[in-house]
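For ligands, and for the atoms within them, numbers begin at 1 and follow the listed sequence.
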Amino acid sequence: MKYAIPAWDLTSIPVASSDEVFPVRRVYCVGRNYAAHAREMGHDPDREPPFFFMKPADAIVPNGSTIPYPVATSDLHHEIEMVVALKSGGSDIAIENANECIFGYGVGLDLTRRDLQGEAKKLGRPWDMGKGFDRSAPCSPLHPVSETGIIDAADIWLKVNGETRQTSNLNALIWSVPETISYLSGLVELAAGDLIYSGTPAGVAAIERGDVLEGHVDGLTDLKITIA
Ligand code: MN
């Protein structure tokens with residue numbers, strides 16, 4: 001087969017302590033998955049069904065990058081999240097089988113053009129341009145679950161210029177990782193290479209040019225991103 005135009009490389013993420021990389025297929029994100037964040041966004045954190053949006057795979061940014069302040073926004077927000085990478089998938093995955101799909105975990109940022117997202121919410125329009133823009137998904141190297149074990153309780157935090165902005169624990173997720181995988185697999189068929197950004201705790205706020213963001217989940221490599 002011959003491509004009509006030159007084909008591009010698959011997006012990939014380094015695997016920690018390895019010379020291998022993880023190929024990225026799709027990037028799913030969970031909305032409002034910590035009660036305190038749901039409240040700060042003006043929503044009742046009752047256990048409504050989870051909802052999802054996506055970012056393009058090539059929105060992934062490697063650890064240590066300096067990224068330009070995005071175009072078309074004056075309200076860029078940070079959302080620190082644990083990223084779950086899948087080594088297998090399927091449809092209608094049972095909660096008790098969901099952890100078997102996990103390849104590993106990373107520390108991610110769901111960068112958000114909050115002004116565009118807010119406008120989209122108000123007008124009942126899609127979130128894509130608020131969420132799925134270029135370089136909107138920084139992610140640390142992935143740590144295989146064989147090394148970390150299942151992560152269901154770990155501190156997660158984000159510092160901006162050394163000052164803590166977001167802090168919580170994975171045990172505060174409204175929808176746990178296996179519940180999220182199970183629910184999402186009832187909406188789409190999941191597959192190896194898929195990433196799930198598992199939601200952000202409270203404390204989201206604007207970032208500015210020159211800010212240095214450091215994200216952490218216990219047991220994983222810290223994520224460091226600079227906004228140019
Ligand atoms: Mn998010």
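- No side-chain heavy atom of Leu213 sits under 4.5 Å from any side-chain heavy atom of Leu223.
- A ring-ring contact (aromatic ring centres under 6.0 Å, His included) check over residues 110-164, counting only residues at least two apart or in different chains, returns the pairs Phe51-Trp127, Phe53-Trp127, Trp157-His216.
- Applying the ring-ring contact (aromatic ring centres under 6.0 Å, His included) test to every pair with at least one member in residues 56-86, sequence neighbours left out, gives no pairs at all.
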Show me the donor-acceptor pairs within less than 3.5 Å that the side chains of residues 87-106 make with the rest of the protein, sequence neighbours left out.
{"from": "Tyr105", "atom 1": "OH", "to": "Ile151", "atom 2": "N", "distance (Å)": "3.1"}

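- Protein N/O/S atoms found under 2.8 Å from the Mn ion (ligand 1), listed by chain and residue number: Glu79 OE1, Glu81 OE2, Asp110 OD2.
- When only modelled atom types and interatomic distance are considered, Thr11 and Asp58 share no side-chain donor-acceptor pair under 3.5 Å.
- Side-chain contact, Lys159 with Thr164: no donor N or O sits under 3.5 Å from an acceptor N or O.
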